[in-house]
Protein chains: 2
Amino acid sequence: MVTLKQLAKELGVSISTVSKALNNSEEIGEDTVRRVKELAELYNYKPNKVALSLKNNKTKTIGVIIPNILNRILAKVLFGIETEAAKHGYNIITCISNESLEKEKQSLQLLANGSVDGFILSVAEETQINNEIEHFKKTISQGLPIVMFDRVAHDVMCDKVIVDDFDAMYNATKSLLKEKRKNIVFISNINDLSVGKLRERGYNKAILEHGVQEPLVLKIKRKKDDHQKKIKSFLKKNRTVDAVIAADSSSGVIALNTAINLGLKVPKEFSVIAFASKSDSNHTIPKLTTIRQHAKEIGVSAAQMLIARMQNLPASADVKTKIVKTSIVKNKSTL
Amino acid sequence: MVTLKQLAKELGVSISTVSKALNNSEEIGEDTVRRVKELAELYNYKPNKVALSLKNNKTKTIGVIIPNILNRILAKVLFGIETEAAKHGYNIITCISNESLEKEKQSLQLLANGSVDGFILSVAEETQINNEIEHFKKTISQGLPIVMFDRVAHDVMCDKVIVDDFDAMYNATKSLLKEKRKNIVFISNINDLSVGKLRERGYNKAILEHGVQEPLVLKIKRKKDDHQKKIKSFLKKNRTVDAVIAADSSSGVIALNTAINLGLKVPKEFSVIAFASKSDSNHTIPKLTTIRQHAKEIGVSAAQMLIARMQNLPASADVKTKIVKTSIVKNKSTL
DNA sequence: CTGAAAGCGCTAACAG
DNA sequence: CTGTTAGCGCTTTCAG
């Protein structure tokens, strides 16, 4: 990489002259400016980012900590973050906590050494189970703003972007009740997560209000359980079940395919709705009716909130929570 | 963030003393070392990463450019890269080219200003179609090493990590032929990509060698085509087709579900094999027989190769290509 | 054993 | 209009 120093030497002028010329300072003579710019062009000069960061005491870099990059929603949010960040000239450093509290702490620690100007993160499963929040508070008190999305720690004072999980599930369940479904089961493989719990509560509320059936819940343990087997044996044992509402896409897809496999007519005698993305809905015939999360928008919003905060305010003070509404995309797995 | 300066001031010693004490230099007295370390601990001192980068002229950061984070394989590779990088104390800056040549160029340019010590990337679709490679060469000539994975530009001299796409598809096709399948169709939605073409060639070779049928290929246009419709109408029109081999997971899952939907018995009278991951195989009943790519391992290898190169060698010289072999996981969609 | 000083690449206040 | 200087935070050589 060429430096100002080298350009200055070759041009026989001082470093600051070169710097000013490249920054279009009014102080420098037209002629000099031209000569400098030509040489800079020739050598493909780019200001050294690290030097600038040191000078300005900001890196124009956002730290993103994601629990699991294989989760489609989280990946999509990351996409949104990256897109919006790039638009504003920010880079993103990505760490994957792999749902581990320890790795999450480390990543936060490691990047809080001047590598980034702020964080966007979704809380790891282990962190939520243990209800740990000290590391977040510490980071914020060091002056580094945090924006949390999707899985958030409510007791931490920071900006948040969340989904209307409760309402979405409440409404979706009600739509199944309107179809006259009499025995709706809620299936979830994310019951340890805050969002999973909210979704279950939304389901419960709708069922209890309606008063025709008791809540019926099937919880899958990711990693441990054989997803297909668990759902198949459940549906076999509970022949009166006539609808599934799934908190995650896999449970939805598998439930629908299993129902078909068991000879049930979908949607005539059996309905399925799931939190899922468009490509998931292609994995069943008929196509799955889905609750869409607009994950990219979540990422975009999170990035916007963080950038705004980094440019203006202290890390805590007047924090906001933005709710990105879900929408239901009706396909042929419901009436 | 506390700095050496502040610690020095508070302790009434010089900056260099503090620095040395923290780095366990033999030069400094035991007592001083202890005092310094205690205060550093108290204030949670962390050496400023940016200052170190400037000093050492290396950032301990890897630039990763990925065409599409929603692609499961690419996301998994990213996971592998991040894991291995973290192990060696490297951070990763992620850019998403979104399959665009322009964005890929920009990202490369932008990060080549001292932000990263090297790159790991998979070539964007548009780049492969236009067969552009100048931007890669330029980056390498600037002294920044590149490791390419999966979709690589063969004419660029750099380290590469690839998959045995051709062989994998050749062998998988042969296994279908051994099942006495008489009319095997190759379905792909990635035909513009280098890997997609390799897979098609592997299929072709196996079919032509066997000599019983002509190659039969169905190409899906991502974005444009309705994936389900396209496959359904194809299978309806080609009733003699008795096996599908898919270059991508969606085509595999949809083909299998469609076959079932059309009343075909899988695997008795119809087989399906697809390049796909474990979770995809759960999206069909019976479970899909898959060609697995070991994507995480690809990421790990790529990171290892880059780190080795950054520590030792010039950016070009003695480049290596590593092939990460696929493996077939037999499930119940084949005999 | 401790400190002063230089330098990584850059900007900007201040002198000339 | 151009140059000198200081300083961002750190390490390291060289003096003391």
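Please read these numbers as outputs of a predicted model, since none were measured by experiment. Order of the sequence lines fixes the chain letters, A, B, ..., with proteins taken first and strands second; residue numbering starts at 1 for each chain.
No donor-acceptor contact under 3.5 angstrom links the side chains of A:Asn98 and A:Ser100, judged on distance only. A donor atom on one side chain and an acceptor atom on the other are found under 3.5 Å apart for B:Lys46 and B:Asn44. Under 3.5 Å, the side chains of A:Ser25 and A:Asn23 contain no donor-acceptor pair of N or O atoms.
For B:Gln293, there are no side-chain hydrogen bond (donor to acceptor under 3.5 Å, both in side chains) partners, not counting sequence neighbours. Partners of A:Glu104 under the salt bridge (Lys or Arg N to Asp or Glu O under 4.0 Å) rule, at least two apart in sequence or in another chain, do not exist in this structure. With sequence neighbours excluded, no residue satisfies side-chain hydrogen bond (donor to acceptor under 3.5 Å, both in side chains) with B:His154. In this structure B:Thr17 satisfies the side-chain hydrogen bond (donor to acceptor under 3.5 Å, both in side chains) test together with B:Ser14, sequence neighbours excluded.
Taking CG of B:Asn131 as the reference point, atom CD of B:Glu134 lies at 10.5 Å (rounded to 0.5 Å). Residue B:Lys49 holds its NZ atom at 4.5 Å from CG of B:Asn91, rounded to the nearest 0.5 Å. Here A:Leu144 contributes atom CG and A:Ile140 contributes atom CD1; the two are 9.5 Å apart, rounded to the nearest 0.5 Å. To the nearest 0.5 Å, the span separating CD1 on B:Ile73 from CD1 on B:Ile66 amounts to 11.5 Å. In this structure, the separation between SG on A:Cys158 and CG on A:Leu306 is 10.5 Å, given to the nearest 0.5 Å. To the nearest 0.5 Å, atom CG of residue B:Leu78 and atom CG of residue B:Leu74 are 9.0 Å apart.
By the 4.0 Å N-to-carboxylate-O rule, B:Glu126 lies too far from B:Lys103 to be salt-bridged with it.
End-to-end axis angle for the helix from C:dC1-D:dG16 to C:dG16-D:dC1, using five pairs per end and rounding to 10°, comes out at 60°.
Of the residues in residues 23-36 of chain A, those lying under 4.0 Å from DNA chain D by heavy-atom distance are A:Glu27, A:Ile28, A:Gly29, A:Thr32. Of all the residues in residues 4-19 of chain B, B:Val13, B:Ser14, B:Ser16, B:Thr17 reach under 4.0 Å from DNA chain C with at least one non-hydrogen atom. Shown for residues 48-57 of chain B: residues whose heavy atoms fall under 4.0 angstrom of DNA chain D, namely B:Asn48, B:Ala51, B:Leu52, B:Lys55. The stretch residues 108-119 of chain A has no heavy atom under 4.0 angstrom from DNA chain C at all.
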**Report entry** CA sep, side-chain torsions, deciding dist, call: B:Arg151, B:Glu99, salt bridge (Lys or Arg N to Asp or Glu O under 4.0 Å)
**Finding:** CA-CA 11 Å; B:Arg151 311 184 200 156; B:Glu99 307 289 8; 2.8 Å; yes

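Applying the side-chain hydrogen bond (donor to acceptor under 3.5 Å, both in side chains) rule to pairs touching residues 32-43 of chain A yields A:Glu10-A:Tyr43, A:Asn24-A:Lys37, A:Asp31-A:Arg34, sequence neighbours excluded. Applying the side-chain hydrogen bond (donor to acceptor under 3.5 Å, both in side chains) test to every pair with at least one member in residues 58-71 of chain B, sequence neighbours left out, gives these pairs: B:Thr59-B:Asp117.
When DNA chain C is scanned in the 5' to 3' direction for atoms under 4.0 Å from non-hydrogen atoms of chain B, the outermost contacting nucleotides are C:dC1 to C:dG9.
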